[in-house]
2 protein chains.
Amino acid sequence: MSETKHKILDVAERLFAEQGFAATSLRHIIAEAGVNLAAIHYHFGSKEELLDELVGRLAGPVNVERIARLERLEAEAGEAPLAVEPILDAFIRPGAEMACKHPESSRMLGRMYAEGLMPTLVDRHFKPTGKRFVAALRRAVPDIPEQEFLWRVDFMIGAMSHAMVHSQVLGPHAEEDAGHAARFTVPRMSCLIAFLSAGFRAPASLVDEKVEVSQ
Amino acid sequence: MSETKHKILDVAERLFAEQGFAATSLRHIIAEAGVNLAAIHYHFGSKEELLDELVGRLAGPVNVERIARLERLEAEAGEAPLAVEPILDAFIRPGAEMACKHPESSRMLGRMYAEGLMPTLVDRHFKPTGKRFVAALRRAVPDIPEQEFLWRVDFMIGAMSHAMVHSQVLGPHAEEDAGHAARFTVPRMSCLIAFLSAGFRAPASLVDEKVEVSQ
DNA sequence: GTCTATACTGAGATAGAC
DNA sequence: GTCTATCTCAGTATAGAC
């Protein structure tokens with residue numbers, strides 16, 4: 001990879017993490033990287049594709065680790081369905097470990113999520129892996145109506161993505177902490193898994209499978 | 001209120017809901033509203049303050065209804081702490097009813113949340129009310145360590161906000177539904193309350209109150 | 001008080017020389 | 001591969017008509 005391309009990626013990741021995507025101009029990136037404005041469009045095509053490459057190189061190893069953990073669980077369980085906790089742990093832990101090892105990168109990812117840059121980005125890079133976990137979860141809670149199960153998946157995704165960016169937005173020190181990036185630490189991850197597991201294992205709220213679809 | 005201001009607000013709300021905030025230009029708004037560009041800055045000051053007024057006129061009635069329901073619950077309970085479900089119901093139901101009655105407006109709110117326009121917006125308009133509900137929740141689950149409780153509040157906020165915008169992002173028809181706005185219907189709301197209540201009532205995951213603070 | 005016309009600054013994107 | 005010059009369009013600011 002060319003030196004120019006490398007410098008662009010590194011500076012862009014840092015600035016996106018610090019300021020967000022929209023607030024970071026290409027001119028700011030090229031100034032700090034010491035390259036020309038047109039070099040970005042030559043190497044990446046557009047500002048969005050530059051971000052796409054950044055997300056892709058982060059998502060890759062996380063997805064590999066997630067699948068590896070899930071397959072290890074499935075191998076151990078044989079034909080039996082898995083429990084909820086280990087599934088969520090296999091999904092969340094690789095992300096949390098990446099967040100601990102590369103806090104800058106994970107802050108960037110969280111920022112992009114918070115800025116609403118899905119589905120074009122997070123969907124593309126995380127959905128294929130996510131679908132395998134959804135299938136495993138479905139076997140873990142077979143008694144929940146399908147519609148309610150899919151909604152619970154949405155609740156989980158919302159809680160997870162929010163947890164990666166925000167911290168104590170309604171807490172006692174929310175004001176002075178506003179704008180601070182939350183570190184997605186291991187104890188925080190454990191609490192998230194406990195919270196979501198309880199939610200998934202709750203008795204069904206919908207009484208009839210044939211509820212009218214909501215969208 | 002002047003006719004011009006009214007038209008700007010209505011068109012802006014619709015376009016923000018359809019396209020998001022960043023993707024909607026002021027020139028697009030004035031073209032559809034049939035007014036002059038400078039009228040926006042005369043009446044609102046800036047694009048962000050225009051959005052602020054839109055959010056404020058939606059949040060007001062919802063907050064009033066939320067507080068009314070909470071105070072009714074507290075009056076019925078006397079000195080006893082409330083249960084988790086009724087608290088969450090009092091918080092979530094007014095928002096869901098607003099979403100059913102004004103789907104366009106709620107879609108706009110959800111979009112703004114998804115675009116990461118907090119804390120300047122949602123925080124300002126929803127946080128004061130939210131803090132009263134957090135206090136009530138704290139009394140409802142007194143045995144959870146403070147740190148874990150605050151994280152659970154974050155998980156709840158993430159699940160709620162996500163549920164208002166997205167639907168079945170990992171579901172079987174996610175591709176063709178991508179970009180569709182989810183309607184935050186009543187059964188969906190009931191499922192959310194059941195999911196979150198179970199999470200809040202889960203046994204504590206942190207063993208020690210003196211866990212190192214994560215931010 | 002309201003609104004219009006117009007100009008200013010900075011953004012992302014692009015064509016073509018080298 | 002890289003850079004210069006330029007294009008289009010965004011949000012914003014101001015002067016002045018009614």
Side-chain angles (χ1 to χ4, degrees), chain A residues 1-57 108 111-112 114-121 124, chain B residues 1-57 108 111-122 124:
Chain A
M1 192 189 308
S2 90
E3 178 71 6
T4 299
K5 190 173 181 183
H6 219 101
K7 278 191 290 191
I8 292 171
L9 283 169
D10 288 344
V11 172
E13 176 169 69
R14 181 168 51 79
L15 293 181
F16 287 163
E18 290 171 359
Q19 312 176 334
F21 181 74
T24 301
S25 70
L26 296 184
R27 285 167 173 82
H28 191 165
I29 295 171
I30 60 138
E32 295 215 13
V35 302
N36 185 273
L37 174 59
I40 291 184
H41 291 95
Y42 173 74
H43 284 291
F44 304 100
S46 71
K47 190 184 182 185
E48 287 202 344
E49 285 169 292
L50 163 60
L51 173 61
D52 191 86
E53 184 138 337
L54 281 171
V55 174
R57 74 174 186 177
M108 194 271 290
R111 273 278 214 172
M112 299 307 100
E115 273 186 83
L117 267 27
M118 300 74 62
T120 35
L121 268 175
R124 178 142 33 105
Chain B
M1 191 189 307
S2 88
E3 177 71 15
T4 299
K5 189 173 181 181
H6 220 102
K7 278 191 289 190
I8 292 172
L9 283 170
D10 288 345
V11 171
E13 177 169 69
R14 181 168 52 79
L15 292 181
F16 288 163
E18 291 171 359
Q19 313 177 335
F21 181 74
T24 301
S25 71
L26 296 182
R27 285 168 173 85
H28 190 166
I29 295 172
I30 61 138
E32 295 216 11
V35 303
N36 185 273
L37 175 59
I40 290 184
H41 291 92
Y42 173 76
H43 284 289
F44 305 100
S46 68
K47 189 184 182 184
E48 285 204 344
E49 286 168 292
L50 163 60
L51 173 61
D52 192 86
E53 184 138 336
L54 280 173
V55 174
R57 75 174 184 177
M108 193 270 290
R111 271 280 214 171
M112 301 303 103
Y113 202 102
E115 272 186 84
L117 268 26
M118 303 73 60
T120 35
L121 265 176
V122 175
R124 178 143 32 106

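Reminder, nothing fancy here: chain letters follow the sequence lines and each chain counts from 1.
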### Message
To check you understand the geometry: which heavy-atom pair defines the closest contact between B/E18 and B/R111, and what is its length?
### Response
O-NH2, 3.0 Å
### Query
What integer distance in Å separates A/F44:CZ from C/dT14:P?
16 Å
### Query
Of all heavy-atom pairs between A/L26 and A/I40, which one has the smallest distance, and what is that distance?
CD2-CD1, 3.8 Å
### Query
Can you tell me how far C1' of C/dT2 sits from CD1 of B/I30, to the nearest Å?
16 Å
### Query
In residues 9-19 of chain B, which ones come under 4.0 Å of DNA chain C, going by heavy atoms?
none
### Task
Measure from NZ on B/K7 to C1' on C/dT2 and round the result to the nearest Å.
13 Å
List, with names and distances, any nitrogen or oxygen atoms from the protein found under 3.5 Å away from nitrogen or oxygen atoms belonging to nucleotides 15-17 of chain C.
none

## Note on the structure
Residue pair A/E48/B/Y42 against DNA chain C: nearer the 5' end by closest nucleotide is B/Y42
### Message
Tell me whether the side-chain N/O atoms of A/T4 come closer than 4.0 Å to OP1 or OP2 in D/dT2.
### Response
yes
### Query
Considering all heavy atoms of both residues, which atom of A/L54 and which atom of A/L9 are nearest to each other, and what is their separation?
CD2-O, 3.5 Å
### Task
Could you state the atom-to-atom distance from CD1 of B/I29 to P of D/dA10 in whole Å?
11 Å
Please list each protein N or O that sits under 3.5 Å from an N or O in nucleotides 9-12 of chain C, with the distance.
from	atom 1	to	atom 2	distance (Å)
C/dG12	OP1	A/L26	N	3.2
C/dG12	OP1	A/K47	NZ	3.1
C/dG12	OP2	A/L26	N	2.8
C/dG12	N7	A/R27	NH1	2.6
C/dG12	N7	A/R27	NH2	3.2
C/dG12	O6	A/R27	NH2	2.9

### Query
Do B/L121 and B/D52 have side-chain heavy atoms sitting under 4.5 Å apart?
yes
### Query
Can you tell me how far C1' of C/dC3 sits from NE2 of B/H6, to the nearest Å?
18 Å
### Query
Where do A/I8 and A/I29 come nearest, in terms of heavy atoms and distance?
O-CG2, 4.2 Å
## Note on the structure
residues 25-49 of chain B vs salt bridge (charged side-chain N to carboxylate O under 4.0 Å, His left out), sequence neighbours excluded, gives B/R14-B/E32
### Task
Look up atom CD in A/E13 and atom CG in A/L50, then write down how far apart they are to the nearest 0.5 Å.
10.0 Å
### Task
Sort and list the pairs that fulfil ring pair (Phe, Tyr, Trp, His ring centres under 6.0 Å) and have at least one residue in residues 21-55 of chain A, not counting sequence neighbours.
A/F16-A/F21
### Query
Got a sec, which residues hit side chain to side chain donor-acceptor pair (under 3.5 Å) with B/T24, two or more places apart in sequence or on another chain?
B/Q19
### Message
Below the 4.0 Å mark, does C/dT2 have OP1 or OP2 next to a side-chain nitrogen or oxygen of B/N36?
### Response
no
### Task
Could you tell me the separation between the NE2 atom of B/H43 and the C1' atom of D/dT12, rounded to a whole number of Å?
17 Å
### Query
How long is the line joining CD1 of A/I8 and P of D/dG1, in whole Å?
13 Å
